Amino acid sequence: MATQSKPAQWTPAEVKEEMLKKYPPKVARKRASSILINEALSNTTPEIQANVRTIPGIITMRGCTYAGCKGVIMGPTRDIVNLVHGPIGCSFYAWLTRRNQTDAGETGENYMTYAFSTDMQDSDVIFGGEKKLKAAIQEAYDLFHPKGIAVFATCPVGLIGDDIHAVAKEMKDKFGDCNVFAFSCEGYKGVSQSAGHHIANNQVFKHLVGQNDEKKPGEYKINLLGEYNIGGDGFEIDRILKLCGITNIATFSGNSTYDQFASAHTADLSCVMCHRSINYVADMLETKYGIPWIKVNFIGAEATAKSLRKIGQYFGDKTLIDRIEAVIAAEMPAVKAALEDIKPRTEGKTAMLFVGGSRAHHYMELFNELGMKTVSTGYEFGHRDDYEGREVIPGLKVDADSRNIEEIEVEADPERFAPRKSEEEMKALTDSGFEFKDYKGLIPDMDKGTLVIDDLNQYEAEKLVEMIKPDIFCAGIKEKYSIQKLGIPLKQLHSYDYGGPYAGFQGAVNFYKEIDRLVNSKVWGFMKAPWQENPELSATYVWE
Amino acid sequence: MLLRHTPKEIKERSALVVNPAKTCQPIGAMYAALGVHGCLPHSHGSQGCCAYHRSALTKHYKEPISAATSSFTEGASVFGGQANLLQAIENIFTVYEPEVIAVHTTCLSETIGDDIKQIRDKAEKSGLVPKGKHIIYCNTPSYIGSHVTGFSNMVKGMTEVAENTGKKNGKVNVIPGWVEPADMEELKRLAALMAVPITLFPDTSGVLNGPLSGEYHMFPEGGVTMKELKEAGDAVGTLALGEWCSADAARSLDTRCKVPCKVLDMPFGLKATDRFVDALRIIAGTSVPEEITRERGQLVDMISDSHQYYYQKKVALFGDPDQLIAMTEFLVSIDMWPTHMVTGTPGSKFEKRIKELTAHLPYEVNVKAGGDMFLLHQWIKNEPVDLLIGNTYGKYISRDEDLPFLRWGFPILDRVGHQYFPTVGYKGGLRLLEKILGLLLDRKDRDDSETQFELTL
Ligand code: SF4
Ligand code: SF4
């Protein structure tokens with residue numbers, strides 16, 4: 001069984017050297033810049049290489065742009081028919097595999113249990129697939145009459161030159177009562193899922209946001225950006241918001257609907273959970289409609305309380321602030337009780353987190369609460385600002401792989417733009433220390449001498465685990481079993497395996513229990529048979 | 001209702017596939033390649049496909065699935081992927097040190113038209129392939145066929161290693177098709193009981209059903225070796241199990257190395273297993289040991305003990321052609337009624353074969369090759385059945401229609417057991433029957449009134 005804090009046998013520099021040793025020189029050079037030994041400089045954050053190409057042949061954790069677009073962003077939207085234009089596989093693999101929960105009630109629309117594809121054949125590749133796409137959109141419309149049909153391009157589509165946007169436009173005009181829009185999210189674009197988030201969010205912003213001006217009831221209206229309702233996270237956050245009297249107009253995109261997106265511009269504050277996948281939407285909502293944004297984090301009980309207080313402070317209304325405090329006071333005892341029971345069994349243990357573009361950072365909160373130290377971490381598809389903070393954004397180089405990802409220019413909407421607060425009010429808030437659009441990244445929260453590694457691969461993961469022997473490793477399904485074969489439990493933090501929610505207060509308790517179960521499971525002590533532990537036949541068998 | 005938008009009324013669709021009963025070629029190629037010892041599958045295309053295939057296989061086997069990718073970016077998709085593949089080959093042999101890399105293509109590299117053979121030759125010439133190591137490959141464009149086609153293509157790719165030295169080695173090649181590691185183990189056990197020396201390829205047993213021991217080996221003990229594949233050219237013959245999965249490879253061995261072949265059905269159920277065992281016996285000129293005959297007798301015994309519960313029960317099935325054909329024969333042999341059936345894999349041969357197997361039944365079976373689960377569900381709504389058989393995705397239909405559901409096929413994402421317990425052979429037949437009977441009787445125990453509720457079978 002994993003023991004309490006082990007002596008560090010290897011220095012970080014040795015670990016890094018060992019990881020690079022076997023690589024061909026070119027690969028070693030490239031990877032060296034993505035592996036950072038955190039020097040924790042007093043007021044600057046060290047630089048890390050991120051969002052660069054994956055090296056061919058090096059077994060990566062990353063997926064493709066289509067996965068980020070269809071899988072992550074649009075996948076959780078229940079009442080849009082997500083039609084994948086391409087050969088069958090891409091559609092099949094993104095079918096119900098991300099554990100986004102939704103609640104459509106007894107009779108609401110819910111297409112999330114379906115996979116739709118044009119199942120492109122060789123004749124379509126040779127002669128073009130537009131005709132088939134048109135027919136498929138028509139058939140989907142005739143069968144379901146949805147509010148929206150979203151079309152996703154997979155790799156071959158870009159190459160054969162199908163104009164999916166023109167087809168979408170034509171069909172939208174033809175139907176009149178069904179919005180048809182398309183995503184050029186071919187898997188070869190960009191360097192990871194992250195490009196797909198961007199492509200998806202841009203189109204959502206262009207085609208959906210701002211369509212419904214109807215005033216929604218509620219006093220304190222927010223959008224929750226970058227929360228995907230994996231394992232019901234969004235439900236737990238919504239439960240808490242409701243208790244506080246805060247109205248969530250739109251979640252991008254967990255448990256979302258067409259109308260939520262269409263109404264997002266009527267909220268008064270955008271709260272960004274996953275900085276990576278969506279910070280630019282928050283910016284666009286501000287520029288076009290005047291909605292300010294803040295970074296929040298509902299992963300971790302303390303972080304949840306902090307985020308709620310921040311929302312309260314923004315609205316600045318005493319009734320809201322008091323109600324938030326009352327909710328925190330009511331929720332915290334259960335969290336404390338769980339910690340009191342569990343923490344003695346988790347304290348001092350170590351974790352590694354290699355996941356996503358935000359979660360590797362957010363989940364450090366929960367491990368901290370458990371008294372566990374994150375000894376190494378990194379993102380699968382983060383950018384430098386997710387590591388080093390938003391200050392670096394102006395200086396980020398736009399390389400060949402980012403250039404083909406559309407950037408949309410937005411300006412203030414002549415009718416709908418309205419500042420949510422006066423300049424004085426905004427100034428008063430910032431003067432009091434309130435931070436808008438603030439994200440300092442992951443690195444400042446890591447201890448000196450820890451390893452921060454971007455786009456960690458299978459080989460490096462194995463080295464890390466062998467040399468540092470964490471008590472738990474957090475990554476995804478592809479990594480799960482190779483790490484567990486080494487006797488270290490792996491918790492999936494993309495899909496949460498089977499569990500969740502882990503957000504909010506109840507989620508924190510769920511997570512404590514899950515980590516306790518994992519790091520203290522007896523199974524890790526069963527790996528050697530008695531005859532492997534004592535192979536010598538030194539004694540004779542003792543009969544009764 | 002989970003599939004609340006599926007209407008009972010069936011409209012013809014020409015372009016839209018809803019809830020596919022197939023997936024794409026490369027995943028089959030990847031699975032097959034894992035059945036070669038020391039082999040790292042390599043996906044030549046963008047990294048997304050590889051990530052998806054690895055994830056799907058991992059979720060099915062609950063085992064590590066290692067595979068590399070050429071990680072195309074837009075540049076590669078315009079200028080071709082040769083540079084990426086060469087770089088990948090160098091990196092793979094340096095870092096992971098496999099015995100062999102099995103390259104398959106994806107839709108992207110196929111659409112571009114990369115010539116894998118030429119790139120491989122180039123890699124060999126420029127010294128990127130260490131001595132004694134190999135690259136095998138196959139083309140797997142997903143806009144043709146299905147995952148089954150990809151499996152078959154990679155197995156055919158393996159046969160290109162075979163050499164005919166002119167001296168027969170007395171072994172029999174057995175190509176098992178896309179079955180589970182446990183099934184492959186069972187086939188080897190049956191052959192060993194008959195003392196027939198076989199080369200089974202691919203062979204994922206010992207690769208995808210490994211132990212937890214505190215050690216991780218990217219290349220576990222199992223798998224057919226490159227040496228064995230080479231020697232397959234000197235075998236006395238090849239038994240190919242399944243027309244869709246295995247026949248191409250067997251025929252290629254016949255053409256290339258003059259190894260005669262016979263295509264049999266996959267040995268699921270009584271009669272198909274009978275034919276497999278009988279064929280092995282005759283080829284090897286041995287007799288079938290009592291142990292196997294006894295296993296057969298046990299299966300017959302179980303059929304007779306529980307026949308009353310199978311009799312004229314209607315079954316809907318979806319899955320892959322070879323499996324469905326064998327299963328249909330098995331169901332018919334115990335007097336169950338296969339009623340609706342789809343496979344996503346195209347090919348009218350499938351429909352024809354199913355119709356032959358069910359010709360004597362008093363109704364016409366709904367069968368479609370190139371169909372989808374949406375259609376299957378609609379058929380079920382129009383004519384309800386007693387049992388559904390298929391992969392995990394069937395659970396949504398099963399819940400909506402309140403149908404007993406046997407998970408069988410690929411992928412199974414929500415249960416374990418398929419890694420460890422075979423469904424081929426007589427033992428496998430027993431397991432299938434035990435499962436089917438359990439499902440039917442659990443339903444009966446749930447539905448029976450208190451008055452009818454019974455203690456015994
Ligand atoms: S692009 Fe082709 S090979 Fe890749 S996942 Fe999609 S269907 Fe499969
Ligand atoms: S074909 Fe392209 S879009 Fe589809 S999974 Fe592969 S990389 Fe992604």
Side-chain angles (χ1 to χ4, degrees), chain A residues 22-24 27 53-60 62-64 66-67 86-89 91-93 110-111 113-122 124-125 132 135-136 139-140 143-144 155-156 159-160 187-189 191 400-401 404 458-459 462 477-478 480-482 484-487 527-528, chain B residues 2-5 11 13-20 22-24 26-27 45-49 51-52 54-56 58-59 62-66 68-77 84-85 87-92 94-95 106-108 111-112 141-144 212-216 396:
Chain A
K22 208 175 174 191
Y23 287 141
V27 177
R53 287 183 188 177
T54 319
I55 302 166
I58 298 297
I59 301 178
T60 176
R62 285 176 171 174
C64 68
Y66 160 83
I88 198 68
S91 175
F92 178 84
Y93 303 113
N110 180 12
Y111 301 107
T113 47
Y114 293 87
F116 304 98
S117 170
T118 56
D119 187 17
M120 211 173 221
Q121 299 298 303
D122 49 350
D124 306 315
V125 172
K132 190 165 196 193
E139 286 171 7
L143 264 172
F144 308 111
C155 285
L159 281 193
I160 62 174
Y188 55 74
K189 291 195 171 155
V191 301
D401 299 310
N404 56 26
Q458 136 97 44
Y459 174 75
E462 213 183 308
I477 182 70
K478 301 192 294 302
K480 186 171 177 95
Y481 298 102
S482 59
Q484 294 203 156
K485 291 276 179 202
L486 294 165
M527 280 175 293
K528 292 279 169 274
Chain B
L2 291 160
L3 299 166
R4 55 181 62 170
H5 302 290
K11 279 192 203 150
R13 280 172 285 135
S14 69
L16 181 70
V17 167
V18 187
N19 299 354
K22 67 168 176 185
T23 182
C24 64
I27 196 170
S46 316
Q47 67 205 15
C49 313
Y52 275 136
R54 288 179 64 207
S55 298
T58 304
K59 286 177 193 159
K62 313 281 180 261
E63 286 287 310
I65 305 287
S66 297
T69 155
S70 294
S71 290
F72 277 29
T73 52
E74 189 144 24
S77 70
N84 289 53
L85 185 51
Q87 200 191 343
I89 290 168
E90 181 186 3
N91 289 339
I92 290 169
T94 314
V95 180
T106 66
C107 296
L108 180 55
T111 310
I112 298 168
S142 297
Y143 38 79
I144 298 168
L212 178 59
S213 62
E215 287 166 32
Y216 168 61
Y396 290 78

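Quick caveat, the model's predicted, so the values are computed rather than measured. Quick note: numbers below take in every heavy atom, side chains included, and nothing from hydrogens, waters or symmetry partners. Chain letters run A, B, ... following the sequence lines, proteins first and then strands; every chain starts at 1.
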Heavy-atom cut-off 4.5 Å, strictly under: side chain, backbone, both or neither for [X] against chain B?
{"X": "A:Gln484", "answer": "backbone"}
{"X": "A:Tyr114", "answer": "both"}
{"X": "A:Asp122", "answer": "both"}
{"X": "A:Lys22", "answer": "both"}
{"X": "A:Arg53", "answer": "side chain"}
{"X": "A:Leu159", "answer": "side chain"}

How close do [X] and [Y] get, counting heavy atoms only, and between which atoms?
{"X": "B:Pro64", "Y": "A:Lys485", "answer": "CD-CE, 3.8 Å"}
{"X": "B:Tyr216", "Y": "A:Gln458", "answer": "CE2-NE2, 3.4 Å"}
{"X": "B:Ser14", "Y": "A:Ala135", "answer": "OG-CB, 4.4 Å"}
{"X": "A:Tyr481", "Y": "B:Lys62", "answer": "OH-CD, 3.2 Å"}

[options]: which one forms the most heavy-atom pairs within less than 4.5 Å of chain A?
{"options": "B:Leu3, B:Ile144, B:Leu85, B:Thr69", "value": "B:Leu3"}
{"options": "B:Ser77, B:Ser142, B:Ala56", "value": "B:Ser77"}
{"options": "B:Val18, B:Thr73, B:Asn84, B:Thr111", "value": "B:Thr73"}
{"options": "B:Val17, B:Leu108, B:Ile92", "value": "B:Val17"}
{"options": "B:Ser71, B:Gly214, B:Ser70", "value": "B:Gly214"}
{"options": "B:Ala88, B:Ala15, B:Gly48", "value": "B:Ala15"}

Separation of B:Ser66 OG from A:Tyr459 OH (nearest 0.5 Å)
14.0 Å
Using 0.5 Å steps for rounding, measure from the NZ atom of B:Lys22 to the CG atom of A:Asp119.
3.5 Å
Taking the side chain as everything from C-beta on, heavy atoms only, tell me whether [X] gets closer than 4.5 Å to [Y].
{"X": "A:Pro24", "Y": "B:Asn91", "value": "yes"}
{"X": "B:Cys107", "Y": "A:Pro87", "value": "yes"}
{"X": "A:Ile55", "Y": "B:Gln87", "value": "yes"}
{"X": "B:Thr58", "Y": "A:Lys480", "value": "no"}

Sidechain-backbone polar pair: [X] side chain, [Y] backbone, donor-acceptor under 3.5 Å:
{"X": "A:Asn110", "Y": "B:Leu2", "result": "no"}
{"X": "B:Tyr143", "Y": "A:Pro156", "result": "no"}
{"X": "A:Tyr23", "Y": "B:Val95", "result": "no"}
{"X": "A:Glu139", "Y": "B:Leu16", "result": "yes"}

Please determine, among [options], the option with the most heavy-atom pairs under 4.5 Å with chain B.
{"options": "A:Val191, A:Val27, A:Val125", "value": "A:Val125"}
{"options": "A:Ile160, A:Ile58, A:Asp401, A:Thr118", "value": "A:Ile58"}
{"options": "A:Gly86, A:Gly487, A:Ser482", "value": "A:Ser482"}
{"options": "A:Cys155, A:Ser91, A:Gly187, A:Ala115", "value": "A:Ala115"}

Show your working on side chain to side chain contact (heavy atoms under 4.5 Å, CB included) between B:Ile65 and A:Lys478 and close with a plain yes or no.
CA-CA 7 Å; B:Ile65 305 287; A:Lys478 301 192 294 302; over 6 Å; no
Hey, are A:Thr60 and B:Gln47 close enough side-chain-wise for a donor-acceptor pair under 3.5 Å?
no
Side chains of A:Tyr93 and B:Thr23: any donor to acceptor distance under 3.5 Å?
yes
So for [X], is it side chain, backbone, both, or neither that comes closer than 4.5 Å to the heavy atoms of chain A?
{"X": "B:Ile112", "value": "both"}
{"X": "B:Pro20", "value": "both"}
{"X": "B:Ser46", "value": "side chain"}

List the residues meeting side-chain contact (heavy atoms from CB on, under 4.5 Å) with A:Ala67, not counting sequence neighbours, and say none if there are none.
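Expected list: A:Cys64, A:Gln193, B:Tyr52.
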